[in-house]
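Input: a single structure, listed below in structure tokens.
As the structure is a computational prediction, the values presented were derived from the model and not from experiment. Residue numbers start at 1 and run along the sequence shown. Values reported hereafter were calculated over all heavy atoms of this structure, with side chains retained and with hydrogens, waters and symmetry mates removed. Counting starts at 1 for both ligands and their atoms, following the listed order.
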Amino acid sequence: MEAVKKQSNGWISWILVLGMAALVLMAAVITVRSKSHHSAAAPVPGPPGAIEKKYGDALNLALQFFDVQKSGKLVGNKLSWRSDSALDDGSERNLDLSKGMYDAGDHVKFGLPLAFTATVLSWSILEYGDQMKAAMNLKPALDSLKWITDYLINAHPSDNVLYIQVGDPDIDHKCWERPETMAEERPLTQVNSSSPGTEVAAETAAALASASLVFKTINSTYSDLLLQHSQQLFSFADIYRGSYSISIPQVQLYYNSTGYTDELLWAAAWLYHATGDQSYLSYVTEKNGKAFAEWGIPSWFSWDNKLAGAQVLLSRLYFFGSKKTSNAENVALQRYAITAKAVVCGLLPDSPTATTSRTDGGLIWISQWNSLQHPVASAFLALLFSDYMLSSQTPTLSCNGNSYTPADLRKFAISQADYVLGENPMEMSYLVGYGKKYPLYVHHRGASIPADANTGCDGFKWLNSTAPNPNVAIGALVGGPFLNETYIDSRNNSMQGEPTTYNSAVIVGLLSGLVTTSSVVQSFS
Ligand SMILES: *[C@@H]1O[C@H](CO)[C@@H](O)[C@H](O)[C@H]1NC(C)=O
Ligand SMILES: *[C@@H]1O[C@H](CO)[C@@H](O)[C@H](O)[C@H]1NC(C)=O
Ligand SMILES: *[C@@H]1O[C@H](CO)[C@@H](O)[C@H](O)[C@H]1NC(C)=O
Ligand SMILES: *[C@@H]1O[C@H](CO)[C@@H](O)[C@H](O)[C@H]1NC(C)=O
Ligand SMILES: *[C@@H]1O[C@H](CO)[C@@H](O)[C@H](O)[C@H]1NC(C)=O
Ligand SMILES: *[C@@H]1O[C@H](CO)[C@@H](O)[C@H](O)[C@H]1NC(C)=O
């Protein structure tokens with residue numbers, strides 16, 4: 001990201017909803033109670049339905065952006081304009097930090113959003129792996145996930161040390177060059193017990209726990225290794241509590257964190273799924289639930305705030321039941337489920353608690369920078385919730401007395417996906433390579449410079465060039481439109497035209513849930 005980019009929170013827009021939240025909570029308690037002891041212990045896998053070509057094509061493209069962003073020695077690379085880069089990353093500490101992915105149009109590896117990318121990609125594979133497989137997209141998703149988790153493992157060389165950044169954004173941003181020809185210094189940044197970084201350590205723990213589930217049946221040795229790092233990182237995050245934005249104030253200019261309590265719950269929720277260890281369930285349900293979960297208050301899911309994600313993930317346990325949970329734990333899980341419902345009710349356009357933060361065309365719209373991150377992430381959550389309802393045979397969701405079916409939730413998710421793919425006033429697809437019209441001036445160093453140019457650091461003439469990018473940043477999800485639904489396709493417009501890896505993770509999640517006409521989530525814990 002190019003500047004102070006990271007406005008992730010649109011809390012103000014939710015204030016409108018807050019007044020209603022208490023009512024939603026009361027109404028929801030009633031519906032939830034009436035169906036408390038669920039008989040279905042796990043979702044019943046069913047046929048994934050027919051392939052929706054449109055979403056299959058879009059998913060295929062979206063996954064390719066991870067290949068565009070890969071650092072290190074490439075394996076099976078199909079992009080003519082990409083090759084090996086950053087092979088020495090980490091070498092000053094005898095670490096191999098060459099893999100992982102560049103964050104956006106620049107070449108920094110930022111740990112917090114990168115780990116979030118891996119967690120969301122794992123979640124997508126866990127829920128919708130069968131659909132991805134049916135659309136012949138599972139293998140690239142697994143390869144890209146492992147490309148990140150291999151890096152994250154190496155970034156955690158001892159219990160209480162985690163490297164959270166490779167490259168200095170100030171140095172990196174003074175250059176406009178291809179990753180293959182980078183020559184500037186790429187310093188490492190770590191968190192440790194004297195300079196803790198709870199959010200980044202906990203998000204990394206969430207990534208590795210969720211990935212350990214993904215790789216469980218593929219390679220149990222690798223899965224165990226992921227889980228071992230995850231558990232150590234969670235202890236490090238929880239014992240040495242402190243925000244990395246305070247320990248290392250420089251990070252505030254890029255991925256400033258607004259707090260770490262959401263990441264602690266999110267990581268513990270993933271660790272409970274990965275291990276079945278009761279202590280992680282108690283962590284989210286008992287003391288920390290009360291202190292951190294913000295029950296009843298909807299929030300926006302993003303690289304900075306995982307609460308809505310944790311609420312939906314924990315709803316899974318509520319929907320599909322668990323023999324192992326105590327009464328107190330069930331009550332807490334129910335509160336998570338009720339809060340997840342409040343999130344979904346806020347998204348449905350004709351719900352009494354609908355957020356007013358949308359464009360005239362119906363796109364959820366929260367922030368000017370990278371505006372598509374919120375609608376796409378929200379649609380992914382709504383789709384998951386819809387599929388949890390379907391898979392648990394929960395017929396309706398009540399929003400302040402109005403009743404909605406899983407099909408209504410899916411319709412919302414589709415509306416956001418279709419907007420992104422071109423059903424918008426600009427008639428522009430914001431997924432690069434999809435449809436007849438998509439951004440040609442994506443703010444991306446590698447895509448903007450011909451593959452045979454060796455610019456050194458000073459390739460700014462390619463930033464200024466009025467010709468379209470010589471290389472297509474295939475599958476990139478750009479930042480997206482303004483509130484008035486316009487988009488300026490100009491390479492210097494990083495606010496709207498810069499893609500990110502975490503945008504790719506959420507669009508991959510959304511599209512993999514839409515790739516077949518009906519989707520039933522899978523059992524994974
Ligand atoms: C701990 O991390 C801080 C912040 O990155 C760093 O300044 C310090 O040198 C690290 N401590 C050790 C012992 O490396
Ligand atoms: C399984 O994972 C381990 C640990 O990463 C690795 O050494 C081994 O080669 C993997 N096995 C296969 C069959 O890929
Ligand atoms: C980073 O976030 C904290 C907590 O929300 C806030 O106090 C601080 O001003 C932010 N820093 C910047 C540079 O925006
Ligand atoms: C690129 O454009 C900027 C801003 O218009 C200008 O300051 C700079 O000199 C230009 N650089 C090159 C190499 O054309
Ligand atoms: C749309 O909004 C942007 C950002 O606020 C503004 O710069 C632009 O002028 C607006 N365009 C129109 C056509 O109103
Ligand atoms: C950004 O690019 C557009 C053309 O695409 C140009 O009109 C504008 O002056 C540029 N802005 C800066 C700050 O370079």
Side-chain angles (χ1 to χ4, degrees), residues 1-15 105 110-113 164-165 169-170 173-178 181 191 195-200 203 241-264 292 294 297 299-300 302-307 357-361 363 365-372 424-428 430 439 441 443-445 448-450 453-467 469-470 478-498:
M1 280 279 210
E2 290 303 317
V4 180
K5 4 218 90 174
K6 304 349 204 21
Q7 281 97 345
S8 72
N9 295 305
W11 296 106
I12 294 158
S13 53
W14 277 122
I15 288 173
F110 288 109
L112 183 60
I164 55 111
Q165 193 171 295
D170 295 334
H173 293 173
K174 287 195 184 102
C175 296
W176 192 269
E177 61 189 337
R178 304 174 62 238
T181 64
V191 292
S195 293
T198 295
E199 61 285 268
V200 63
E203 184 61 55
R241 285 193 191 176
S243 170
Y244 89 141
S245 291
I246 291 168
S247 298
I248 309 169
Q250 303 90 287
V251 303
Q252 290 189 22
L253 281 178
Y254 295 91
Y255 290 94
N256 189 21
S257 165
T258 55
Y260 55 72
T261 53
D262 54 315
E263 279 89 3
L264 285 172
F292 300 160
E294 302 187 14
I297 302 173
S299 55
W300 299 106
S302 75
W303 60 265
D304 181 27
N305 189 339
K306 291 42 182 249
L307 272 182
S357 301
R358 337 180 178 245
T359 66
D360 290 346
L363 181 75
W365 198 94
I366 306 300
S367 77
Q368 180 121 288
W369 276 99
N370 192 3
S371 64
L372 287 175
N424 58 58
M426 295 290 288
E427 297 180 7
M428 161 86 89
Y430 294 111
Y441 293 84
H443 181 94
H444 190 276
R445 287 166 178 69
S448 70
I449 304 172
N454 189 345
T455 60
C457 179
D458 190 22
F460 284 94
K461 75 169 191 185
W462 298 106
L463 169 61
N464 291 2
S465 157
T466 54
N469 285 349
V478 297
F482 288 127
L483 179 57
N484 61 22
E485 312 199 289
T486 63
Y487 178 86
I488 300 165
D489 189 14
S490 167
R491 200 174 291 114
N492 60 18
N493 180 12
S494 53
M495 180 191 277
Q496 294 189 287
E498 184 171 16

Are [X] and [Y] close enough that a side-chain donor and a side-chain acceptor fall under 3.5 Å?
X: Ser302; Y: Asp304; answer: no
X: Trp300; Y: Ser367; answer: no
X: Glu199; Y: Ser243; answer: yes

I need the nearest protein heavy-atom contact for [atom]: residue, atom name and distance, please.
atom: atom 7 (O) of ligand 5; value: Phe482 CE1, 4.5 Å
atom: atom 13 (C) of ligand 5; value: Thr486 CG2, 4.1 Å
atom: atom 5 (O) of ligand 5; value: Gln368 OE1, 4.2 Å

Next on the checklist: For Asp360, I'd like to know if atom CG has over 12 heavy atoms of other residues, nucleotides or ligands within 6.0 Å.
Outcome noted: no
Checklist entry - Which atoms from ligand 5 have a heavy atom of Asn484 less than 4.0 Å away? => result 1 (C), 2 (O), 3 (C), 8 (C), 10 (C), 11 (N), 12 (C), 14 (O)
Checklist entry - Where do Ser257 and Ser245 come nearest, in terms of heavy atoms and distance? => result N-OG, 2.9 Å
Checklist entry - Which pair of non-hydrogen atoms, one from Trp365 and one from Ser371, has the smallest distance, and what is that distance? => result NE1-CB, 3.3 Å
Next on the checklist: On a heavy-atom basis, I'd like to know which of Ser245, Ser257, Pro249 is closest to atom 4 (C) of ligand 3.
Outcome noted: Ser257
Checklist entry - Are any of the protein's heavy atoms under 4.0 angstrom from atom 2 (O) of ligand 5, yes or no? => result yes
Checklist entry - Considering all protein heavy atoms, does one lie under 4.0 Å from atom 11 (N) of ligand 5? => result yes
Checklist outcome for this item: Here the atoms of ligand 4 under 4.0 Å from any heavy atom belonging to Lys461 are 13 (C)
Checklist outcome for this item: Under 4.0 Å from one or more heavy atoms of Thr258, ligand 3 contributes atoms 5 (O)
Checklist entry - Should the ring pair Trp176 and His443 be called parallel, tilted or perpendicular, given that the plane angle runs from 0 to 90° and is split at 30 and 60? => result perpendicular
